[in-house]
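Counting starts at 1 for both ligands and their atoms, in listed order.
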Amino acid sequence: MSSAEPLVIKFGGTSVGDGEGFARAARITAGAAAEGRPVAAVVSAMSGVTDALLAAAAGTATAGTRTARGLARDLRRALGERHLAAARCAVSGDLLPEVEARVLSLLDRLEEELARRALPEAERRAEIAVCGERLSAEILAGALRAAGAPAAVAADPIATGPGGEEVLSEETRARCTRHVRPLLEEGLVAVVPGYAGRSPDGAVTTLGRGGSDLSATALGRGIGAGEVWIMTDVDGVLDADPRLVPGAATLPRLSYREAGAFAALGAEVLHPRTMEPAAAAGIEVLVRNTFDPHSPGTRISARECGPGLRALALRRGLSVEPLEALDGRSGDVFCLLGADVYGIRALVERPSGSAAAVIGVGSPGDEELAAGLRRLHRAGIRPLWAGNTAAGLAFVVAGSRAEEALRELHAALLRREALAGEAVA
Ligand code: ADP
Ligand code: ASP
Ligand code: MG
């Protein structure tokens with residue numbers, strides 16, 4: 001293995017949505033490996049595949065034997081068509097039969113698992129759920145070989161607690177030493193199925209929905225990587241959800257603290273716990289666009305970015321309730337709103353909650369609070385509460401005005417030209 005620090009590159013489901021996606025991912029990975037660093041690639045299931053697998057796992061769990069067999073056969077056929085088409089597109093002729101054989105053998109196992117229902121339910125669900133990542137890993141490894149970069153699929157290196165909720169760092173390091181390092185030392189790209197973990201007794205677990213981001217940083221920590229690249233379908237971490245705020249802009253830098261807070265508030269581009277292994281090991285994380293690999297992306301490191309607001313997140317399904325009325329049921333409290341004439345109130349997560357909160361990430365000050373309130377007032381949106389909370393600077397509004405409030409606050413607090421325009425007006 002070269003003495004350079006390894007690099008981990010993670011491709012999300014949006015990056016490997018079809019055969020061309022695998023070919024593109026292979027080109028990016030082979031290009032990085034050609035620069036002399038040992039490279040491990042973490043790959044997600046093709047977009048939509050995990051949803052289909054989880055639906056089939058649930059649908060077959062309680063169905064009669066004939067129905068379960070039918071569902072298993074249908075899913076196998078659909079996944080077979082999609083993955084074999086992707087393999088044919090991304091893997092050249094002489095390398096293709098081996099990849100096809102591996103894909104078919106994974107599909108055989110999946111069909112059997114779906115129909116047989118032999119494992120305990122949680123383990124069965126996890127085995128089925130991670131099948132999408134296993135299929136992707138075989139195709140990416142084939143596409144890498146076709147792109148001139150020798151590659152092999154590594155056995156699951158991420159060690160977790162029994163339910164998958166916790167990554168065990170020492171055990172992960174040991175699994176990486178056993179399953180990933182030897183591949184890197186041979187000069188191979190180690191291809192790791194994301195989302196999958198192993199419990200202490202060796203059972204398959206999952207890291208939770210969107211968990212491949214966490215797989216990448218946990219793997220990075222386990223192999224002593226210097227950098228982790230999260231390749232996705234947008235230019236990096238944007239300062240608000242681009243599906244809700246058309247003017248959202250890419251953030252060039254973020255600290256672990258800011259990125260971790262933003263992810264925990266629901267910024268979908270990063271799994272909520274992605275930053276934990278990265279911050280613990282001081283690994284720089286770059287969030288980059290697979291479809292435009294020359295765009296600079298967002299660099300996340302220990303360096304704090306100074307005062308000011310960085311980004312806005314939106315949380316729905318909240319309700320404002322007096323703390324004493326919660327009567328010890330503090331599990332659902334999202335954050336405390338501090339004391340006012342109503343006493344101490346809390347923002348509580350409720351499926352039926354009719355309030356929403358726009359929350360500022362970074363180090364905002366009183367100016368931002370005042371500017372935000374002015375803007376909401378001008379837009380005719382009455383805040384139910386506004387101020388600093390443990391979650392960040394929060395503007396609580398009626399759920400029916402939530403997206404509008406997010407856009408108004410983004411224009412007022414994050415778009416510099418809007419700020420400049422406001423100063424002139
Ligand atoms: P991947 O398949 O790469 O894991 P995800 O769908 O999980 O991709 O995450 C990327 C998506 O997250 C983007 O397409 C974007 O719509 C959404 N998203 C939500 N909030 C943000 C944000 N603040 N910055 C970037 N993307 C965001
Ligand atoms: N494929 C998994 C999911 O859809 C993990 C991931 O994409 O990160 O949740
Ligand atoms: Mg994701």
Side-chain angles (χ1 to χ4, degrees), residues 9-18 21-22 24-25 28 41-55 57 79 125-126 128-137 158 164 192-197 204-219 228-252 254 258-274 285-293 295 297-298 300 309-315 358-362 403 406 410 414:
I9 312 180
K10 178 256 170 177
F11 295 95
T14 52
S15 298
V16 291
D18 56 16
F22 282 102
R24 188 184 298 109
I28 293 169
V42 173
V43 66
S44 294
M46 295 178 78
S47 49
V49 166
T50 310
D51 291 338
L53 287 164
L54 287 170
L79 292 184
R125 186 175 180 277
I128 293 167
V130 303
C131 191
E133 273 68 15
R134 300 211 189 290
L135 290 162
S136 284
I158 309 301
V192 172
Y195 185 43
V204 172
T205 57
T206 76
L207 303 188
R209 297 307 308 268
S212 297
D213 301 321
L214 176 58
S215 304
T217 51
L219 173 68
V228 172
W229 298 352
I230 306 276
M231 307 300 299
T232 186
D233 65 342
V234 285
D235 277 343
V237 181
L238 309 189
D239 59 8
D241 185 335
R243 292 164 301 188
L244 305 179
V245 181
T250 309
L251 291 157
L254 276 176
E258 291 165 340
F262 200 24
L265 286 168
E268 191 182 315
V269 65
L270 293 172
H271 177 275
R273 298 198 333 263
T274 311
V285 177
L286 264 87
V287 183
R288 304 177 64 184
N289 192 339
T290 304
F291 303 93
D292 184 9
S295 78
T298 302
I300 305 168
L309 189 74
R310 299 272 108 70
L312 288 171
L314 178 62
R315 288 295 281 247
V358 177
I359 299 173
V361 174
E403 291 184 15
L406 174 66
H410 183 269
L414 288 167

Proximal ligand 1 atoms for D233, defined as those under 4.0 Å from one of its heavy atoms: 10 (C), 11 (C), 13 (C), 14 (O)
Option nearest atom 24 (N) of ligand 1 (shortest heavy-atom distance, choices D239, L238, V245, L270): L238
Closest protein heavy atom to atom 5 (P) of ligand 1, given as residue, atom name and distance to 0.1 Å: E268 OE2, 4.0 Å
H271 near ligand 2 by a heavy-atom separation under 4.0 Å: no
Residue portion contacting ligand 1 (non-hydrogen atoms closer than 4.0 Å) for V234: side chain
Top protein contact for atom 4 (O) of ligand 1, by heavy-atom distance: K10 NZ, 3.2 Å
Protein contact to atom 17 (C) of ligand 1 [nearest heavy atom, distance to 0.1 Å]: R243 NH2, 3.7 Å
For ligand 1, the portion of A240 having any non-hydrogen atom under 4.0 Å away: backbone
Option whose closest heavy atom lies nearest to atom 27 (C) of ligand 1, chosen from P242, A267, G13: P242
Polar proximity ligand 1 side, D213 side, N/O cut 3.5 Å exclusive: no
Closest to atom 9 (O) of ligand 1 among T14, T298, L312, V269 (heavy-atom distance): V269
Ligand-side contact atoms (ligand 1) for residue partner F262, heavy atom cut-off under 4.0 Å: 23 (N)
Distance in Å, K10 NZ paired with T232 OG1, rounded so as to fall on 0.5 Å steps: 6.0 Å
Geometric N/O contact S15 with ligand 1, under 3.5 angstrom: no
Nearest-0.5 Å distance that lies between atom CG in D239 and atom CZ in R310: 10.5 Å
Mode of F11 contact toward ligand 1 - side chain, backbone, both, neither (heavy atoms, under 4.0 Å): neither
T50: numbered ligand 2 atoms lying under 4.0 Å from its heavy atoms: 1 (N), 2 (C), 3 (C), 4 (O)
Nearest-contact summary for atom 6 (C) of ligand 2 - protein heavy atom, Å: S212 OG, 3.4 Å
Inter-residue atom distance F262.CZ - L270.CG, 0.5 Å rounding: 9.0 Å
Salt bridge D51-R209, side-chain N to carboxylate O under 4.0 Å: yes
Rounded distance (nearest 0.5 Å) linking atom CD1 of I9 with atom CG of L286: 10.5 Å
Sub-4.0 Å heavy-atom approach of G210 to ligand 2: yes
V42 and L219: CA distance, side-chain angles, deciding distance, side-chain contact (heavy atoms from CB on, under 4.5 Å) verdict: CA-CA 9 Å; V42 173; L219 173 68; 3.6 Å; yes
Check: P193 and V130 side chains under 4.5 Å, non-hydrogen atoms: no
Ligand-side contact atoms (ligand 1) for residue partner T232, heavy atom cut-off under 4.0 Å: 1 (P), 3 (O), 8 (O), 10 (C)
G211 to ligand 2, any heavy atom closer than 4.0 Å: yes
Test log, rule side-chain contact (heavy atoms from CB on, under 4.5 Å), inputs F22 and M46: CA-CA 9 Å; F22 282 102; M46 295 178 78; 3.7 Å; yes
Protein contact to atom 25 (C) of ligand 1 [nearest heavy atom, distance to 0.1 Å]: G236 O, 3.4 Å
Per-atom contacts, ligand 1 versus G12 - under 4.0 Å to a heavy atom: 1 (P), 2 (O), 3 (O), 4 (O)
Region of S44 engaging ligand 2 - heavy atom pairs below 4.0 Å: side chain
Residue part near ligand 1, for R209, under 4.0 Å between non-hydrogen atoms: neither
Pick from E133, K10, R209: the one approaching atom 5 (C) of ligand 2 most closely through a non-hydrogen atom: E133
Closest approach of A248 to L238 (non-hydrogen atoms, all atoms of both residues): CB-CB, 4.2 Å
